[in-house]
**Student:** 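Supplied in structure tokens, the structure appears directly below.
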Amino acid sequence: MIKGIKGVKDLLPEETPRWRLIEEAARRWAGRYGFHEIRIPIFEVTTLFARSIGASTDIVEKEMYTFQDRDGTSLTLRPEGTAGTVRSYIEHNRAAIPVPQKYFYFGPMFRHERPQAGRLRQFHQFGVESIGMADPRADVEVIALLWRILSDLNLPNLTLEINNLGYSADRDTYRPHLVTYLKQHESGLCANCQHRIEVNPLRVLDCKVPECRVITETAPRLGDSLSEAARSYFTQVSAALDVIKIPYSLNHRLVRGLDYYNLTTFEVTATNLGAQNAVGAGGRYDGLVETLGGPPTPAVGFAVGLERMLMLLPDSSVGKGLEDVAVYVAGFGSHGPVAGLTALEELRLAGIHAVSDFRSANLKAHLRQADRLACRFTLIIGDDEVVKGSAILRDMETKVQYDVNLATLSPQIQSLLPTS
RNA sequence: GUGGGUGUAGCUCAGCUGGUUAGAGCGCCGGAUUGUGGAUCCGGAGGUCGCGGGUUCGAAACCCGUCAUCCACCCCA
């Protein structure tokens, strides 16, 4: 038997209604906030991701699905959506368009990681990118959109945390202070963090190892090294969040794993997700467009993991599945099957949800299938009915049966169906 | 990449310190009801015990390997 790939899942018909619920909520709210859908390729030239996400990040170093095109070009299955969106923005010179460029996207992302709860190799994200506005209200708009979607879906026990990463110059002045401090306490840090001191010292701040946390609790804070401009920007962001009543808390340890973030960063976590507790996260990335060869352009965005939202979605959110009132057509005997097929087609052309199980050869089997398919009505057409030019419409709940004329089938049935 | 748990019927799982025909519940099929579903009763089908090797008179059970899966580390959405 050929099986699917590790960490890559099929979404069977039983689960797609839950997905659609989430997708529709995201789409609806994105529209209200003035974001428009963009659809970008699933694979890109490898250098795009290396340059945007950061060559020394885990994603680029060891998690990308990279392969050679026939001409030798290195291509990569996208591990996230921002890089491709920004590439598209630059390539199509969207900067020339005089209205704010606000995009949203849906789609699969690929990272070669060991699967576990809330983590797959092919997973799905919804993301937004607000490109061109260097205004705290743009940050707040994006955060608010994220929060509204999650709230609308009634996802429980969510926490929104925000932090100020400052400008890159701020981090340059802060980094030596942090490194000096960390080196003084190096022996108390975990092996991983000892390595991080050299590679990416800021990441030591959000290490989960308790010993590391004790040490970093009293470490110099980035907040104390921030420039006046960065402080003022962040103050405006948090003040605006207060104004529109988005609940958040400050987390000075919040350091994103992708290199392109600056100023505002944020993350929504859930308590009931297992180890992978981040539902959605994002931040401002003012340098990225320029890094990728475009004009200096401020931008802010986020991405949420659809699988993680799905894990949190209350069961009560999704109905039984078959909301449409359906008519089951039971054609049997020697002439019933053909008459039934005619009836099926006529009902469907009239806009009625009509089904049949062609395996069923007698009325009993048909009725059992009608029951299993949760059809409200069954249209019974056996040889007797064909001779009379009529059929029996049985209400499966009340067991009341009506005679209907085959010549005027759909209008009669239409009038008997409950108006919805 | 590292560690731990679990692989027995379509599904959820039992199966005692190895013992002879491998079980249950649910589901499925048929009958009671030769043209009327859901309930009930009766009957039935369905398993290379993940795979390979080893120990043993004898292995679903013990050992080794391997694969799959889940969880955790790591990392992130």
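Quick note: numbers below take in every heavy atom, side chains included, and nothing from hydrogens, waters or symmetry partners. A, B, ... follow the sequence lines: proteins, then strands. Residue 1 opens every chain.
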**Student:** Checking all strands, does A:G274 fall into the base, sugar-phosphate, or nothing category for heavy-atom contacts under 4.0 angstrom?
**Tutor:**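 Here A:G274 touches the backbone only, sparing every base.
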**Student:** Using Watson-Crick and G-U wobble pairs whose two distances are both under 3.5 Å, how do you write the pairing of RNA chain B as dot-bracket, with | for links to another strand?
**Tutor:** (((((((..((((.....[...)))).(((((.......))))).....(((((..]....))))))))))))....
**Student:** Quick one: CZ on A:R78 to CD on A:Q125, what's the gap to the nearest 0.5 Å?
**Tutor:**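 Here the rounded value is 9.0 Å.
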**Student:** Identify which nucleotide among B:G37, B:A72, B:A68 has an atom closest to any side-chain atom of A:M396, counting heavy atoms from C-beta outward.
**Tutor:**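 Nearest nucleotide to the side chain: B:G37.
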**Student:** Can you figure out which of B:U36, B:U2, B:G37 approaches the side chain of A:D371 most closely?
**Tutor:** B:G37
**Student:** What pairs of residues pass the ring-ring contact (aromatic ring centres under 6.0 Å, His included) test when at least one of them lies in residues 112-148 of chain A, not counting sequence neighbours?
**Tutor:** A:W19-A:H124, A:Y65-A:H112, A:F104-A:F126, A:F106-A:F126
**Student:** Just checking A:I380: base, sugar-phosphate only, or nothing, at a heavy-atom cut-off of under 4.0 Å?
**Tutor:**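 Touches a base.
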**Student:** Could you tell me whether A:E63 contacts a base, only the sugar-phosphate backbone, or nothing, with contacts defined as non-hydrogen atoms closer than 4.0 Å?
**Tutor:**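 Since only primed, P, OP1 and OP2 atoms lie under 4.0 Å of A:E63, the category is sugar-phosphate.
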**Student:** Please determine whether any donor N or O and acceptor N or O are separated by less than 3.5 Å between the side chain of A:R114 and the base of B:C70.
**Tutor:** no
**Student:** Holding to ring-ring contact (aromatic ring centres under 6.0 Å, His included), I want the full list of residues that pass it with A:Y328, two or more places apart in sequence or in another chain.
**Tutor:**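 Listed in chain order: A:H366.
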**Student:** Centroid-to-centroid, A:Y181 to A:H177, below 6.0 Å?
**Tutor:** no
**Student:** With sugar-phosphate meaning primed atoms plus P, OP1 and OP2, does A:A370 contact a base, only sugar-phosphate, or nothing at under 4.0 Å between heavy atoms?
**Tutor:** nothing
**Student:** For A:S410 and A:Q414, which I'm curious about, is there any donor-acceptor pair between the side chains at under 3.5 Å?
**Tutor:** no
**Student:** Would you say the base of B:A77 stacks on A:F123 (centre-to-centre below 5.5 Å, plane angle below 30°)?
**Tutor:**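 Answer is yes, a stack.
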**Student:** Might you point out which heavy atoms bring A:P79 and A:M109 nearest each other, and give the distance in Å?
**Tutor:** O-CB, 3.8 Å
**Student:** Could you tell me how far B:C13 sits from B:C73 if I compare only their P atoms? Round to whole Å.
**Tutor:** 24 Å
**Student:** Tell me what A:F332 touches on the nucleic acid: a base, only sugar-phosphate, or nothing, going by heavy atoms under 4.0 Å.
**Tutor:** base
**Student:** Measure from CD on A:Q401 to C1' on B:U36 and round the result to the nearest Å.
**Tutor:** 7 Å
**Student:** Which part of the nucleic acid, if any, lies within contact of A:E385, taking any heavy atom under 4.0 Å across all strands shown: a base, the sugar-phosphate backbone alone, or nothing?
**Tutor:**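 The answer is base, as A:E385 lies within the cut-off (heavy atoms under 4.0 Å) of a base atom.
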